[in-house]
Number of protein chains: 2
Amino acid sequence: MDTETSPRLNYKFWIETKKGEGILGEGKWKLLKAIRDTGSLNAAIESRGLAYRQTWDKLKKIEQQLGFKLIEKRRGGREGGSTVLTPKGERIVAFFDHLYDKAENDMKRLFDEMIDELEDIME
Amino acid sequence: MDTETSPRLNYKFWIETKKGEGILGEGKWKLLKAIRDTGSLNAAIESRGLAYRQTWDKLKKIEQQLGFKLIEKRRGGREGGSTVLTPKGERIVAFFDHLYDKAENDMKRLFDEMIDELEDIME
DNA sequence: ATCAGAAATGCTAAGGACTCATAACTGCGG
DNA sequence: CCGCAGTTATGAGTCCTTAGCATTTCTGAT
């Protein structure tokens, strides 16, 4: 049985510029996966509970920072439009897949090693 | 010599509630260290380039979330006042020291393993 | 030509962050 | 015992970023 207050540890990876300005992390990684899965920016955004306006702006900024396109957007057609990942977009998704996959074991072990010290502090 | 665009990877740890609400991370860890070093909340905040108002509010919120005090503040006296870490505050600092210390090697290795794939994407 | 529905963008409201100002506190020197 | 010093504590206005809504634009398919 858990204590009422049982804080836990978490971690996060992201890509940043040389100056430490964040470019792309977990949020966009998952968004890109949703775009890949749905074929639609709109649907992807809805599925992740995000706002279209800001997400669109953020994606634009990210692509500017990276210097290449992550997604290929098309307007018109029977379905109104569609969005697919560019090859580099696919590779970014794969990159984060690999990164988090490789990190998982280390993180589990690390947190296991540390959790006692933490819970000890929390009582 | 570096390429003009050379993004890098970074990582971060934090303590969160069971529901995933962030409680305390790198920023406050460093602030606590500065408090410990200076003996003054005011001086610590200035040394880290933060704003007193928000920092004070944030610390208050953190202590509420944790259920115990991280710092012991005193007003008055020749020096006007002072702030020191509580024993638990000290232990939180030590905890993050240990956490980042232990993680460093794994992270270095992981990022080394992944950096080629990343730079390959970036060209 | 029309339609459908997603992409794209402008505008306003809301909320949070930042700044400044000022009060409150109290150990210590005199 | 009184006042000083300077830090802690808090209120309030301003600014700025973000959220939310409304509307327009686009174009392949029918």
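We name chains A, B, ... by the order of the sequence lines, and we start the count at 1 in each one. Since the model is a prediction, treat every value here as computed from it, not as a measurement.
The shortest side-chain heavy-atom distance between A:Ile62 and A:Ile23 falls under the 4.5 Å cut-off. Residues A:Ile15 and B:Pro7 meet the side-chain proximity criterion, which asks for heavy atoms closer than 4.5 Å. Between A:Trp56 and A:Ile45, every side-chain heavy-atom pair lies at or beyond the 4.5 Å cut-off.
In this structure, the side chain of A:Thr86 engages the main chain of A:Leu70 through a donor-acceptor pair within 3.5 Å. The closest donor-acceptor contact from the side chain of B:Glu104 to the backbone of B:Leu99 lies at 3.5 Å or more, if one exists at all.
A sub-4.0 Å separation between OP1 or OP2 of D:dA9 and a side-chain N or O of B:Lys73 is present. Using a 4.0 Å cut-off, some side-chain N or O of B:Thr83 falls inside it from OP1 or OP2 of D:dT8.
We find that CH2 of B:Trp56 is positioned 12 Å from C1' of D:dG11, with the value rounded to whole Å. For B:Glu79 and D:dA5, the CD to P distance is 12 Å, given to the nearest whole Å. In this entry the distance linking CD of B:Glu72 with P of D:dT8 reads 13 Å, nearest Å.
Contact footprint of chain B on DNA chain C: nucleotides with an atom under 4.0 Å from a non-hydrogen protein atom, first to last in 5' to 3' order, C:dA17 to C:dG29.
Across all strands, B:Gly81 comes closer than 4.0 Å only to sugar-phosphate atoms, never to a base (heavy-atom distances).
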Compile the donor-acceptor pairs under 3.5 Å between side chains in residues 110-117 of chain A and protein atoms, sequence neighbours left out, one pair per line.
from: A:Glu113; atom 1: OE1; to: B:Lys102; atom 2: NZ; distance (Å): 3.0
from: A:Glu113; atom 1: OE2; to: A:Arg109; atom 2: NH1; distance (Å): 3.3
from: A:Glu117; atom 1: OE1; to: B:His98; atom 2: ND1; distance (Å): 3.1
from: A:Glu117; atom 1: OE2; to: B:His98; atom 2: ND1; distance (Å): 2.9

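Salt-bridge annotation for B:Lys61 and B:Asp57: absent, with no side-chain N of the basic residue lying under 4.0 Å from a carboxylate O of the acidic one.
When A:Tyr100, A:Trp14, A:Tyr11 are each tested for a side chain to side chain donor-acceptor pair (under 3.5 Å) with A:Glu26, only one passes: A:Tyr100.
The stretch residues 27-54 of chain B touches DNA chain D through B:Ser40, B:Leu41, B:Asn42, B:Tyr52, B:Arg53, each having a heavy atom within less than 4.0 Å of the strand.
For the pair A:Ile121 and B:Lys88, the tightest heavy-atom approach, listed with the atom from each and the gap, is O-NZ, 3.1 Å.
Under 3.5 Å, the side chain of A:Arg75 and the base of D:dT27 form no donor-acceptor pair of N or O atoms.
Residues B:Gly77 and B:Arg74 each lie close to DNA chain D; by heavy-atom proximity, the contact nearer the 5' end of the strand is made by B:Gly77.
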